[in-house]
**Q** 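Can you read through this structure? Questions will come right after.
Throughout, protein chains are lettered first and strands after them, A, B, ... in sequence-line order, and every chain is numbered starting at 1.
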Protein chains: 2
Amino acid sequence: MDRLSEVFAALADPTRRAILARLADGEATVNQIAEPFPISLQAVSKHLKVLERAGLISRGREAQWRPCRLDAEPLREVADWVAGYQRFWEQRYDTLGEYLRQLQQPET
Amino acid sequence: MDRLSEVFAALADPTRRAILARLADGEATVNQIAEPFPISLQAVSKHLKVLERAGLISRGREAQWRPCRLDAEPLREVADWVAGYQRFWEQRYDTLGEYLRQLQQPET
DNA sequence: TGGTTGATTAACCTACAGGTTGAATATGGC
DNA sequence: GCCATATTCAACCTGTAGGTTAATCAACCA
């Protein structure tokens, strides 16, 4: 799977996005990360592996703890990708098509 | 599935992102969209359904054609979401943590 | 050395994603 | 009315995602 697809797939899960939000406040161990979620520690561990493979987090090794930290570089790639479509949601440009469409709409 | 997850999942496929790129150049019919891909027309039809459910495209009805057009609003939501992490890949801010980390590193 | 805590691995289950082929559903042309 | 074209629907297959429980690995503590 290509890199961007892997990143998007990693982000396509609310639990994983919540983990990233948690890590935005600073490093955390697996137990700390898992605490607010109603799923097993093992399931969280799997989510972390997905995030790690996507390059979104990296993990240290401190005694028996594995502190996780956010790695935002892939998010920059997402931002770059989506920026290529920015003109489609910013209405400031006027195309002929837009003009004609407005003509067709009687003042609603 | 929540909206943002659905959008990310839709984007987590290179074929679907290529379809969006195609539609950025203007409307297209299903056959026109499917033409460059080595998969069946039905598979493309499924991809279009995924994109439509995510709100990324909308479809008209013109005789027996179903012209697809890009609908970028969900991409704006993606941009908004990822913007919340912008500070993590832009090095311009200096947090205390950054400062301490720099102190710990002898000039490498 | 043996128990406790933190985290991963393994085996398993269910659901769904993405592809296929074949049939069905519009719509326009003759 | 009939045929061709455009598209979707239905049934099926295979792989993988996300969850579970049980077992294992690693590091500290007493």
**Q** Can B:Ile57 and B:Leu20 be said to form a side chain to side chain contact (heavy atoms under 4.5 Å, CB included), step by step?
**A** CA-CA 8 Å; B:Ile57 68 169; B:Leu20 293 182; 4.0 Å; yes
**Q** Rounded to whole Å, how long is the line connecting atom CD1 of B:Ile57 with atom C1' of D:dT7?
**A**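 Computing the B:Ile57:CD1 to D:dT7:C1' distance gives 13 Å.
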**Q** Nearest heavy atom decides the nucleotide; on that basis, is A:Asp13 or A:Ala63 closer to the 5' end of DNA chain D?
**A**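 The residue mapped nearer the 5' terminus is A:Asp13.
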**Q** Taking only N and O in the side chain of B:Ser45, is any of them less than 4.0 Å away from OP1 or OP2 of D:dT8?
**A**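 Indeed, a polar side-chain atom of B:Ser45 lies that close.
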**Q** B:Phe37 has an atom CZ; how far is it from atom C1' of C:dG19, in whole Å?
**A**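 Between C1' of C:dG19 and CZ of B:Phe37: 15 Å.
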**Q** To the nearest 0.5 angstrom, please state how far the CZ atom of B:Phe8 sits from the CE atom of B:Met1.
**A**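 Separation between the atoms: 12.0 Å.
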**Q** Check the distance between C:dT5's P and A:Gln32's CD and give it to me in whole angstrom.
**A**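 The answer, rounded to whole Å, is 16 Å.
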**Q** Would one find a side-chain N or O of B:Arg66 under 4.0 angstrom from OP1 or OP2 of C:dT27?
**A**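 No, outside the criterion.
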**Q** Rounded to the Å, how far apart are B:Glu35 CD and D:dA6 C1'?
**A**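 Between C1' of D:dA6 and CD of B:Glu35: 15 Å.
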**Q** Report yes if some heavy atom in the side chain of A:Val50 is under 4.5 Å from a heavy atom in the side chain of A:Asp13; otherwise report no.
**A**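 A side-chain contact under 4.5 Å is absent here.
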**Q** Quick one: A:Gln64 CD to C:dA7 P, roughly how many Å, whole number?
**A**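 In whole Å, C:dA7 P lies 8 Å from A:Gln64 CD.
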**Q** Take atom CZ of B:Arg61 and atom P of D:dT7, then tell me their distance rounded to the nearest Å.
**A**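 Answer to the nearest Å: 11 Å.
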**Q** Salt-bridge test for A:Arg76 and A:Glu73: reply yes if a basic N is under 4.0 Å from a carboxylate O, no otherwise.
**A**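 Looking at A:Arg76 and A:Glu73, the cut-off is met.
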**Q** Give me the one residue out of B:Lys46, B:Arg59, B:Arg66 that meets salt bridge (charged side-chain N to carboxylate O under 4.0 Å, His left out) with B:Glu52.
**A**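 When salt bridge (charged side-chain N to carboxylate O under 4.0 Å, His left out) is applied between B:Glu52 and each of B:Lys46, B:Arg59, B:Arg66, only B:Arg59 qualifies.
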**Q** Could you check how far CD1 of B:Ile33 sits from C1' of D:dT7, rounded to whole Å?
**A**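 So the two atoms are 12 Å apart, to the nearest Å.
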**Q** Nearest of C:dG6, C:dT20, D:dT8 to any side-chain atom of B:Arg59?
**A**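 The answer is D:dT8.
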**Q** Does A:Thr29 put a side-chain nitrogen or oxygen below 4.0 Å from OP1 or OP2 of C:dG6?
**A**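 Checking C:dG6 against A:Thr29, no side-chain N or O comes under 4.0 Å of OP1 or OP2.
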**Q** Rounded off to whole Å, could you give me the CG-to-C1' distance for the B:Leu48 and D:dT8 pair?
**A**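 After rounding, the reported distance stands at 11 Å.
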**Q** Any idea which of D:dA27, C:dT8, D:dG19 is nearest the A:Val30 side chain?
**A**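 Closest nucleotide to the A:Val30 side chain: C:dT8.
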**Q** Counting only side-chain nitrogens and oxygens, does B:Asn31 get under 4.0 Å of the OP1 or OP2 atom of D:dT5?
**A**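 No, B:Asn31 has no side-chain N/O under 4.0 Å of OP1/OP2 on D:dT5.
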**Q** With a 4.0 Å cutoff (strictly under), does any side-chain N or O of B:Lys46 reach OP1 or OP2 of C:dT20?
**A**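 The answer is no; no side-chain N or O of B:Lys46 sits under 4.0 Å from OP1 or OP2.
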**Q** Any side-chain N or O of A:His47 under 4.0 Å from OP1/OP2 of D:dG19?
**A**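 So the side chain of A:His47 is within the cut-off, an N or O lying under 4.0 Å from OP1 or OP2 of D:dG19.
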**Q** Using heavy-atom distances to pick each residue's nearest nucleotide on DNA chain C, tell me which of B:Glu62 and A:Gln42 is more 5'.
**A**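 Its nucleotide being nearer the 5' end, the pick is A:Gln42.
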